[in-house]
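Here it is, the structure in full.
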Amino acid sequence: MLKHFIIESTKIACWINGSNFDKKKPSLFFIHGSGSDHSAWSHQYGRLHKKYNIAAVNLPGHSRSGGGGESDVARYCLWVKNLLDILNLKDAVIVGHSLGAAIALRFAINYPQELAGIILVGGGMKMPVNPLILEFLKTNPAEMPAEIIDLICKFSLAKENRSKFSAPLQKSISRAKVDVLYSDLSACNQLDLAQELGNIKVPSLVICGAEDKMTPPDFSRQLAAGISGASLEIVEGAGHMVMLERPSEFNMILAKFTESIIAAVFPRG
């Protein structure tokens, strides 16, 4: 169900799978990418909601959340911190895609004591954005340029998946506010965590589509290499939207990682 919470006088929408979370279950907190919303994770919460406590946020300025976007990852991190406090979700695994991965990284650096682990999807310690996309958005603030929608879809999906997923992805992107998408991508473009990855001590999993053009697999390889003990999974036949393009394989990888750290958070006996 989609519920609304007030943070800093702003209505924040979040999909949750129950009014009261089960303290005996592990918790997953999903953060979408630039210009997206909670529905990016529909193949995850739709299939995993019976096994985990799940929350999938709409960041401020996105979909049914109020406010505007942020051009700084650290600012988004504060919104996530406040929402987790309201939800009273302790020891959650944060699952972040693209911009969401950047937020998860910053959260793990700033608030490691509040996490069980992080899953970083299509991310990097640096996430440079195609300057053509940024320039188009900056000079066309009134409406989403069709050229940019097409370009983002092309870069986001593996070639073999475009016929199936381009139309729904185009529809999703077209609903985004241009200024919010520009802010999101600017936040990614400014990201540089190269000197801070060594500070991440929570269990970490890095997932990337083998055909990701937005954040190529080398970004994920470098990210995993920079985080002590991090695992890396490259999913064949998928691009930047790996959780949409290969949901069954993605969910198996997610569940295996989550189960591997449950014992430390929920000891038996």
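This chain uses plain numbering: 1 for the first residue, then up along the sequence.
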- When rounded to the nearest 0.5 angstrom, what distance separates CD1 in Ile16 from CG in Leu2?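 Spacing of CD1 (Ile16) from CG (Leu2) equals 9.0 Å.
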
Any Pro203 side-chain heavy atom under 4.5 Å of Phe257 side chain:
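Pro203 vs Phe257: side chains touch.
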
Please confirm whether the ring centroid of His62 lies under 6.0 Å from the ring centroid of His32.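 That pair passes the under 6.0 Å test.
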
Are Met252 and Leu28 linked, directly or through other ILVMFWY residues, by side chains that come within less than 4.5 angstrom of each other?
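Hydrophobic grouping puts Met252 apart from Leu28.
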
When you compare the side chain of Leu48 with that of Leu254, does any pair of heavy atoms fall below 4.5 Å?
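The answer is yes, as the side chains (C-beta and beyond) meet within the 4.5 Å cut-off.
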
Check against side-chain contact (heavy atoms from CB on, under 4.5 Å), Asn140 and Val178: CA-CA 8 Å; Asn140 295 271; Val178 178; 5.7 Å; no

_Donor-acceptor pair, side chain of Ser228 and main chain of Gly226, under 3.5 angstrom_ =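 Side chain of Ser228 to backbone of Gly226, a donor-acceptor pair under 3.5 Å: no, none is there.
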
**OP:** Rounded to the nearest 0.5 Å, what's the gap from CG on Leu169 to CZ on Phe165? Could you check?
**Re:**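 Leu169 CG to Phe165 CZ: 10.0 Å, rounded to 0.5 Å.
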
Quick check against the 3.5 Å criterion: does Asn161 have a side-chain atom that pairs as donor or acceptor with the backbone of Ser163?
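Answer holds: no.
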
Salt bridge present between Lys51 and Glu259 (N-O < 4.0 angstrom) =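 Counted as a salt bridge, because a side-chain N and a carboxylate O are separated by less than 4.0 Å.
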
Point to revise | Check: Gly122 main-chain N/O paired with Thr215 side-chain donor or acceptor under 3.5 Å | key: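 Flag set: sc Thr215 to bb Gly122 pair under 3.5 Å.
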
Ring-face cation contact, Tyr111 with Lys81, 6.0 Å cut, 45° max: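 Here Lys81 passes the 6.0 Å and 45° test against Tyr111.
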
message = Between Glu114 and Asp85, is the side-chain contact (heavy atoms from CB on, under 4.5 Å) condition met? List the steps.
response = CA-CA 10 Å; Glu114 302 191 22; Asp85 287 345; 3.9 Å; yes

### Message
Assess, by modelled atom type and distance only, whether the side chains of Asp212 and His240 contain a donor and an acceptor separated by less than 3.5 Å.
### Response
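Yes - a donor-acceptor pair under 3.5 Å links their side chains.
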
Practice prompt. Measure the CG-CD1 distance between Leu181 and Ile173 for me, rounded to the nearest 0.5 Å.
Written response: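 Answer rounded to 0.5 Å: 8.0 Å.
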
Between Asp91 and Leu115, is there a side-chain heavy-atom distance shorter than 4.5 Å?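 Contact flag for Leu115/Asp91 side chains = no.
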
Quick one, Cys208 and Val121 - any side-chain contact, counting heavy atoms below 4.5 Å?
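No. Closest side-chain heavy atoms not under 4.5 Å.
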
Does the Ser260 side chain pair with the main chain of Thr258, one donor and one acceptor, at a distance under 3.5 Å?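 Answer holds: no.
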
(Q) Determine whether a donor-acceptor pair (N or O, by modelled atom type, separation under 3.5 Å) exists between the side chain of Lys25 and the backbone of Lys50. (A)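 Yes, because the side chain of Lys25 sits within donor-acceptor range (under 3.5 Å) of the backbone of Lys50.
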
Go through it in stages, so that I can follow the logic: the residues are Arg246 and Glu160, the test is salt bridge (Lys or Arg N to Asp or Glu O under 4.0 Å), and I'd like the CA-CA distance, side-chain angles, deciding distance and then a yes or no.
CA-CA 12 Å; Arg246 291 289 183 268; Glu160 65 188 86; 3.0 Å; yes

In the single-linkage hydrophobic clustering (I, L, V, M, F, W, Y; side-chain heavy atoms under 4.5 Å), do Val180 and Val129 co-cluster?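 Different clusters.
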
Note to self: Under the side-chain contact (heavy atoms from CB on, under 4.5 Å) test against Leu185, which residue among Ile133, Asn130, Leu99 passes?
What the structure shows: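 Going through the options one by one, the only one that passes is Ile133.
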
Can you name the one residue among Ile103, Ile200, Val95 that meets side-chain contact (heavy atoms from CB on, under 4.5 Å) with Ile118?
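With Ile118 as partner, Ile103, Ile200, Val95 yield a single side-chain contact (heavy atoms from CB on, under 4.5 Å), made by Ile200.
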
- Got more than 12 heavy atoms from elsewhere within 6.0 Å of CD, Gln113?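 More than 12 heavy atoms, drawn from other residues, nucleotides or ligands, come within 6.0 Å of this atom.
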
Main-chain N/O of Ala13 paired with Ser65 side-chain donor or acceptor, under 3.5 Å: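 The answer is yes, because a donor-acceptor pair under 3.5 Å joins these two groups.
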
Next on the checklist: Side chains of Glu70 and Trp79 only: does a donor on one sit below 3.5 Å from an acceptor on the other?
Outcome noted: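 Their side chains do contain a donor-acceptor pair, which is all the 3.5 Å distance test asks for.
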
* Asked: Mind checking whether Ile207 and Leu120 have side chains closer than 4.5 Å, heavy atoms only?
  ->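 With C-beta onward as the side chain, the pair stays apart.
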
Taking a hydrophobic cluster as the set of Ile, Leu, Val, Met, Phe, Trp and Tyr residues connected by side-chain heavy atoms closer than 4.5 Å, whether directly or through intermediates, do Leu132 and Leu134 fall within one such cluster?
->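 Both belong to a single hydrophobic cluster.
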
| request: State, with a plain yes or no, whether a side-chain heavy atom of Arg221 is found less than 4.5 Å away from one of Val206. | output: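 Not touching, per the 4.5 Å side-chain cut-off.
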
Give the intermediate values and the outcome of side-chain contact (heavy atoms from CB on, under 4.5 Å) for residues Glu196 and Arg106. CA-CA 9 Å; Glu196 298 184 77; Arg106 172 51 64 193; 2.9 Å; yes

Do Asn58 and His38 get their side chains close enough for a donor-acceptor pair, meaning under 3.5 Å?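 There is such a pair between these side chains.
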
- Query: Would you say Leu84 and Ile94 make side-chain contact, with heavy atoms under 4.5 Å?
  - Reply: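 In short, these two side chains touch, coming nearer than 4.5 Å.
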
Is Arg64 atom CZ crowded by more than 12 heavy atoms from other residues, nucleotides or ligands, each under 6.0 Å away?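 Open.
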
Should we say atom CD of Gln195 is surrounded by more than 12 heavy atoms from elsewhere, each under 6.0 Å from it?
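No, CD of Gln195 has 12 or fewer neighbouring heavy atoms, counting only those of other groups under 6.0 Å.
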
Derivation and outcome, side-chain contact (heavy atoms from CB on, under 4.5 Å), residues Leu59 and Asp37: CA-CA 7 Å; Leu59 293 170; Asp37 61 25; over 6 Å; no

Would you check if the side chain of Glu245 reaches a backbone N or O of Ala158 as a donor-acceptor pair within less than 3.5 Å?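 Side chain of Glu245 to backbone of Ala158, a donor-acceptor pair under 3.5 Å: yes, one is there.
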
Discussion item. Quick check for you: to the nearest 0.5 Å, what is the distance between Cys153 atom SG and Ile148 atom CD1?
Written reply: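 Result: 11.0 Å between the selected atoms.
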
- Message: Could you walk me through whether Asp184 and Ser34 satisfy the side-chain hydrogen bond (donor to acceptor under 3.5 Å, both in side chains) test, starting with their C-alpha distance in whole Å, then the side-chain angles of each, then the deciding distance to 0.1 Å, before giving a yes or no?
- Response: CA-CA 5 Å; Asp184 287 353; Ser34 298; 4.5 Å; no

Exercise for the section: Could you pull out the closest heavy-atom pair between Pro128 and Asn189, with the gap in Å? Expected result: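 Scanning both residues, the minimum pair turns out to be CA-OD1, 3.4 Å.
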
- Got a donor-acceptor contact below 3.5 angstrom from the Ser36 side chain to the Gly33 backbone?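 Side chain of Ser36 to backbone of Gly33: no pair is present.
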
- Message: Under 4.0 Å between a side-chain nitrogen and a carboxylate oxygen: does that hold for Arg175 and Glu143?
- Response: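 A salt bridge is absent here (no side-chain N lies under 4.0 Å from a carboxylate O).
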
| How about Gln170 and Asp150: does a side-chain donor come under 3.5 Å of a side-chain acceptor? |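 Yes, side-chain donor-acceptor contact under 3.5 Å.
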
Rounded to the nearest 0.5 Å, how far does CG of Leu197 lie from CE of Met125?
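One finds 6.0 Å between CE of Met125 and CG of Leu197.
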
| message | Applying a strict under-4.5 Å side-chain criterion to I, L, V, M, F, W and Y, I'd like to know whether Phe219 and Met214 cluster together. | response |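 No; Met214 is not reachable from Phe219 via cluster members.
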
Can you tell me how far the CH2 atom of Trp15 sits from the OG atom of Ser42, to the nearest 0.5 Å?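 Separation between the atoms: 10.0 Å.
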
Quiz prompt | Side-chain touch Leu89/Ser27, heavy atoms, less than 4.5 angstrom | solution =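 With C-beta onward as the side chain, the pair touches.
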
Counting N and O atoms only, with roles assigned by atom type, does the side chain of Gln44 sit under 3.5 Å from a partner on the main chain of Met243, one being a donor and the other an acceptor?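 Yes, Gln44 side chain to Met243 backbone: donor-acceptor pair under 3.5 Å.
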
Side-chain donor or acceptor of Asn17 paired with backbone N/O of His49 under 3.5 Å: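 Checking the backbone N and O of His49 against the side chain of Asn17, a donor-acceptor pair under 3.5 Å is found.
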
Hphob cluster co-occupancy, Phe29 + Tyr76, side-chain heavy atoms under 4.5 angstrom: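 Looking at the clustering, Tyr76 is in the same group as Phe29.
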
